[in-house]
Amino acid sequence: MTVPVFLELVEIKAKTASILPFLLGTCFSWFNYRSLNLGLLVMFFIAMFLFNMAVDILDNYNDYLNATEAHDYKKETNIIGRENLSLRLVFGIMISMIAISAIIGFILAYITGWPLLIMGGICYFVGVFYSSGPRPLSSLPLGEVFSGPTMGFMITLICVYINSYQNFSWSLVNVGAILVISLPNTMWISNLMLANNICDLAEDEKNNRYTLVHYLGKRHSLQLFVIMNFVAIIALVAAFVLKIAPWTMLLSLAVLPVIIRQVRLFLNKQVKKETFSCAIKILAIGAVSQTLTFLIYMPFINN
C-alpha cells in the first residue's frame, strides 16, 4: 500500500474536522482557566487522530462490503476495490489503530478520572456504529445528530476537561459555555453530513439508506442547511458577548461573505462532484477563521 493510497483510505483531507475542535478546546482552556496540561494533550491528540483515521477506514470497509448497487462502486469508487487492497490488511490496520487509541484513552482516564472514560466511550460508540451493524447510524436519520455533536462538541469538551480536570466544574454554566464555543464547529460538521446526504439522496435510497433528508425532503433539508449556518454565525458573536472568547474572534466574521456565497451555490445546485465542496469550504473557512482569531489573542493573555 503506497502512502497516497493510505492517506486516501484514512481520508486525511477530512481531519480538520477533528483537529480544529481540539485547538479550539485548548484555546478555550487557556483563555478561561489559564490551564494547560501539554503532555496529556499530546496523548489525547494521538489517540483522537488514530481513532479518527480508524473510523474513516471502517467507513470505507463497511461501504465496500455492504454496497448493494454494486459493481462500479466497488471497483471504481471505493478506495479498497479501486486499488485492489487486501481486506485483511485494511482490517488489521484499522484494529491496530483502535487498540492503540483505546490504550492511550484508558491511561488518560486513569490519570484524569472516570468522566473521561464516559466521554471517550460515547465517542467510540458513535465512531464504531456510525457505519457498522445491521442499521448503521449513518443510514438512519441520525447521522447529522451524532456527527456534529460528537466531533464538534465532545472533542472540545474533552480538551477542556483534560486541561483543567483538577478543578473542572460540571455546572450548567460551564458546560453551556463550552457548548457555545463549540457550536459553530458542531453546526458546520453536521452540515457536512447533511450536504452529503442531500447530494446522495437517490443513491442512498437505492441502497436502503434512509437518512434525515429522506424524511425531511430536499426542500426542508436545504432550509435546515441554511439555519445551521445561521446558528453557527450567531454563536461566534455570542461567544464574545458572553466573554468566553476574546474580541479577536469577531474578526472571523470577515469570512461571512465567502460563507454566504458557498451557501447560495449549494442552494442553486446539489450535485456531489460540483457543489458538495461548498459544505467542505464552509467548514474549513469558518472553523479555521474561528480558531485562528482565537489563537492570535493567546500571546496577550497574562498568566
Side-chain angles (χ1 to χ4, degrees), residues 14-33 35-36 41 44-45 47-49 51-52 55 115-116 118-124 126-127 130 143-165 168-194 224 227-253 255 259 279 282-295 297-298:
K15 293 302 166 279
T16 53
S18 57
I19 293 174
L20 293 174
F22 172 88
L23 292 174
L24 191 64
T26 303
C27 291
F28 181 91
S29 301
W30 185 243
F31 182 79
N32 290 279
Y33 306 117
S35 178
L36 289 179
L41 269 182
F44 172 62
F45 181 84
M48 175 196 74
F49 202 76
F51 184 67
N52 195 325
V55 167
L116 182 61
I118 294 176
M119 291 185 286
I122 293 172
C123 293
Y124 276 76
V126 173
Y130 186 78
E144 293 82 357
V145 176
F146 283 102
S147 60
T150 300
M151 298 190 72
F153 173 63
M154 287 300 295
I155 290 177
T156 303
L157 176 62
I158 290 173
C159 272
V160 176
Y161 175 77
I162 285 176
N163 279 319
S164 58
Y165 71 92
F168 185 85
S169 169
W170 287 98
S171 67
L172 288 176
V173 171
N174 196 34
V175 176
I178 299 170
L179 177 62
V180 170
I181 200 67
S182 67
L183 203 52
N185 271 316
T186 300
M187 293 293 101
W188 286 323
I189 293 170
S190 289
N191 254 355
L192 199 65
M193 179 71 181
L194 180 63
L224 180 59
I227 290 170
M228 288 204 287
N229 275 294
F230 179 75
V231 171
I233 298 302
I234 293 299
L236 287 174
V237 178
F240 166 70
V241 173
L242 295 173
K243 298 181 179 180
I244 58 175
W247 66 267
T248 52
M249 185 170 285
L250 294 179
L251 297 175
S252 62
L253 297 177
V255 303
I259 291 175
I282 291 171
L283 170 61
I285 294 169
V288 167
S289 64
Q290 182 194 19
T291 305
L292 285 181
T293 54
F294 208 142
L295 277 171
Y297 189 81
M298 293 300 99

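Note that the coordinates shown come from a computational prediction; the quantities given were computed from them, not determined experimentally.
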Seminar exercise, completed: Sorted by chain and number, sequence neighbours left out, side chain to side chain contact (heavy atoms under 4.5 Å, CB included) with Val145 holds for none
For this session: Name all residues meeting the side-chain hydrogen bond (donor to acceptor under 3.5 Å, both in side chains) criterion together with Tyr297; count only those two or more places apart in sequence or in a different chain, and write none if there are none.
Result: none
Exercise. Under the side-chain hydrogen bond (donor to acceptor under 3.5 Å, both in side chains) rule, what pairs show up with a residue in residues 143-152, not counting sequence neighbours?
Worked result: Glu144-Asn197
For this session: Compare every heavy atom of Asn174 with every heavy atom of Ser169, then report the nearest pair and how far apart it is.
Result: O-ND2, 2.6 Å
Problem set entry | By ring-ring contact (aromatic ring centres under 6.0 Å, His included) - contacts of Phe168 (at least two apart) | Tyr161, Trp170
Seminar exercise, completed: Across all chains, not counting sequence neighbours, the side chain to side chain contact (heavy atoms under 4.5 Å, CB included) partners of Leu172 are none
Seminar exercise, completed: Between Phe51 and the options Phe45, Tyr124, Phe44, the ring pair (Phe, Tyr, Trp, His ring centres under 6.0 Å) test singles out Tyr124
For this session: Could you grab the distance from atom CE of Met154 to atom CD1 of Ile178, nearest 0.5 Å is fine?
Result: 10.5 Å
Enumerate donor-acceptor pairs with a distance under 3.5 Å from any side-chain N or O in residues 233-251 to protein atoms, sequence neighbours excluded.
residue, atom, partner, partner atom, Å
Thr248, OG1, Thr293, O, 2.5

For this session: Taking side chain to side chain contact (heavy atoms under 4.5 Å, CB included) as the test, write out the residues that go with Thr26, two or more places apart.
Result: Phe22, Leu36, Leu41, Cys159, Asn163
Problem set entry | Distance (rounded to the nearest 0.5 Å) between Leu24 CG and Ser182 OG | 7.5 Å
For this session: Could I get the full list of side-chain hydrogen bond (donor to acceptor under 3.5 Å, both in side chains) partners for Ser18, not counting sequence neighbours?
Result: Asn52
Seminar exercise, completed: Hits for ring-ring contact (aromatic ring centres under 6.0 Å, His included) against Phe28, two or more places apart or cross-chain, chain-then-number order -> none
